[in-house]
There are 2 protein chains.
Amino acid sequence: MKTKEAVGALQALAQETRLEIFRLLVRKGTGGMAAGELSGHFAIPAATMSFHLKELSQAGLLVSRRESRSIIYSANYEHMQVLLGFLLENCCSDNGGKC
Amino acid sequence: MKTKEAVGALQALAQETRLEIFRLLVRKGTGGMAAGELSGHFAIPAATMSFHLKELSQAGLLVSRRESRSIIYSANYEHMQVLLGFLLENCCSDNGGKC
DNA sequence: TTCATATTTCCAATATAATGGAAATATCAA
DNA sequence: TTGATATTTCCATTATATTGGAAATATGAA
């Protein structure tokens, strides 16, 4: 993972509504939730929710699939694990591993 | 950890220079680095570096101590671990643990 | 003291992000 | 087809963040 990619993912998560969308989808697992369900759940206009879902998807944190008229979003755990690894990479290596 | 606190920490990390400051300090361990060393390392004016260090500190990601005329900044690992735990809390609990 | 060094605060200019109504696109059912 | 539902794109408004020079503050040394 490169710095710019990590910044993109962190920026996507660094917003109250988006962080809660992501955390809800983390709980939901592979089942995920439809865009409309999410706007209902957070009482947010569809256009605003769509903007947030695009931000999270472009950052690689969500994946989506179409199911009939709905678009189902779910968390991308693998990408999240890579991000978390990047954040603490080589922890304390310049201090003999002493944190 | 509450959502607003997590958003604050993510916002602090969601900026290229600050993310690299944090990652450098993660590598440096308890020894840390002085503000001036950091502005030299990244070739950034002192005022700008000071602003970034304040953002990271207020978010709880850095701690600082004075050593003579210098102020030494270092990473706050404990706070970071709490943040990472918050991000994946109750992973897949609504899907029978199936991720 | 007085001077040099280290860092922060102030502030105004610039840049980037969030919001949501209206219109456009996609899917399905009658 | 036509109509209903689901979602996205467009775009203007509003809000928030970043930058760095100049001035202020803090420390230590002569």
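Chain letters run A, B, ... following the sequence lines, proteins first and then strands; every chain starts at 1.
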Using a strict heavy-atom distance below 4.0 Å, which residues from residues 21-33 of chain A are in contact with DNA chain C?
none

Is there side-chain contact between B:Arg18 and B:Leu13, with heavy atoms separated by less than 4.5 Å?
no

Indicate whether OP1 or OP2 belonging to C:dT7 is found under 4.0 Å from a side-chain N or O atom of B:Ser70.
yes

Under-4.0 Å side-chain N/O to phosphate OP1/OP2 contact, B:His52 with D:dA17
no

Given 3.5 Å as the limit, does a donor-acceptor pair link the side chain of B:Glu37 with the main chain of B:Ala34, or not?
yes

With respect to the phosphate group of C:dA6, does any side-chain polar atom (N or O) of B:Tyr73 fall under 4.0 Å of OP1 or OP2?
no

Expressed in angstrom and rounded to an integer, what is the separation of A:Leu10 atom CG from D:dA17 atom P?
16 Å

In whole angstroms, the gap separating P of D:dT19 from CZ of B:Phe42 amounts to 13 Å

From NZ of B:Lys54 over to C1' of D:dG20, roughly how many Å is that when rounded to an integer?
14 Å

Are the side chains of A:Leu87 and A:Leu10 in touch, meaning some heavy atoms are under 4.5 Å apart?
yes

Nearest-angstrom distance from the residue atom CD of B:Glu16 to C1' of C:dT16
15 Å

Please confirm whether the shortest side-chain N or O distance from A:Thr48 to OP1 or OP2 of C:dT19 is below 4.0 Å.
no

Tell me the bend of the helix from C:dT1-D:dA30 to C:dA30-D:dT1 as the angle between end helix axes, each from five pairs, rounded to the nearest 10 degrees.
20°

Got a salt bridge between A:Lys2 and A:Glu5, using NZ or NE/NH1/NH2 to carboxylate O under 4.0 Å?
no

Decide whether B:Phe86 and A:Val82 are clustered together by the hydrophobic rule: side chain heavy atoms of Ile, Leu, Val, Met, Phe, Trp, Tyr closer than 4.5 Å, transitively.
yes

A:Gln15 vs C:dT19: side-chain N/O to OP1/OP2 distance below 4.0 Å:
yes

Would you say A:Tyr73 and A:Met33 make side-chain contact, with heavy atoms under 4.5 Å?
no

Give one of base, sugar-phosphate or nothing for B:Ala35, where a contact means two heavy atoms less than 4.0 Å apart.
sugar-phosphate

What I'd like to find out is whether the side chain of A:Leu61 reaches to under 4.5 Å of the side chain of A:His79, using heavy atoms alone.
yes

Is the shortest side-chain heavy-atom distance between A:Leu53 and A:Phe51 below 4.5 Å?
no

May I ask you to test the A:Ser74-A:Thr30 pair for a side-chain heavy-atom distance under 4.5 Å?
no

Please report the distance, rounded to the nearest Å, between CD1 in B:Ile44 and P in C:dT8.
14 Å

To the nearest 0.5 Å, atom OG1 of B:Thr3 lies from atom CG of A:Leu19 at 6.0 Å

Take the protein atom CZ of B:Arg18 and the nucleotide atom P of D:dT19, then report the distance between them rounded to whole Å.
8 Å

Going 5' to 3' through nucleotides 22-30 of chain C, assign each nucleotide B (protein heavy atom under 4.0 Å from a base atom), S (under 4.0 Å only from sugar-phosphate atoms) or - (no protein heavy atom that close).
B---SBB--

Does the side chain of B:Arg23 reach to within under 4.5 Å of the side chain of B:Arg27, using non-hydrogen atoms?
yes

Interatomic distance, A:Met49 CE vs C:dT19 P [rounded to whole Å]:
10 Å

Look at B:Gln11 and D:dA17 and indicate whether a side-chain polar atom (N or O) is within less than 4.0 Å of OP1 or OP2.
yes

Could you state the CG-C1' distance from A:Leu19 to C:dA18, rounded to the nearest angstrom?
16 Å

Sub-4.5 Å side-chain heavy-atom contact between A:Val26 and B:Asn90
no

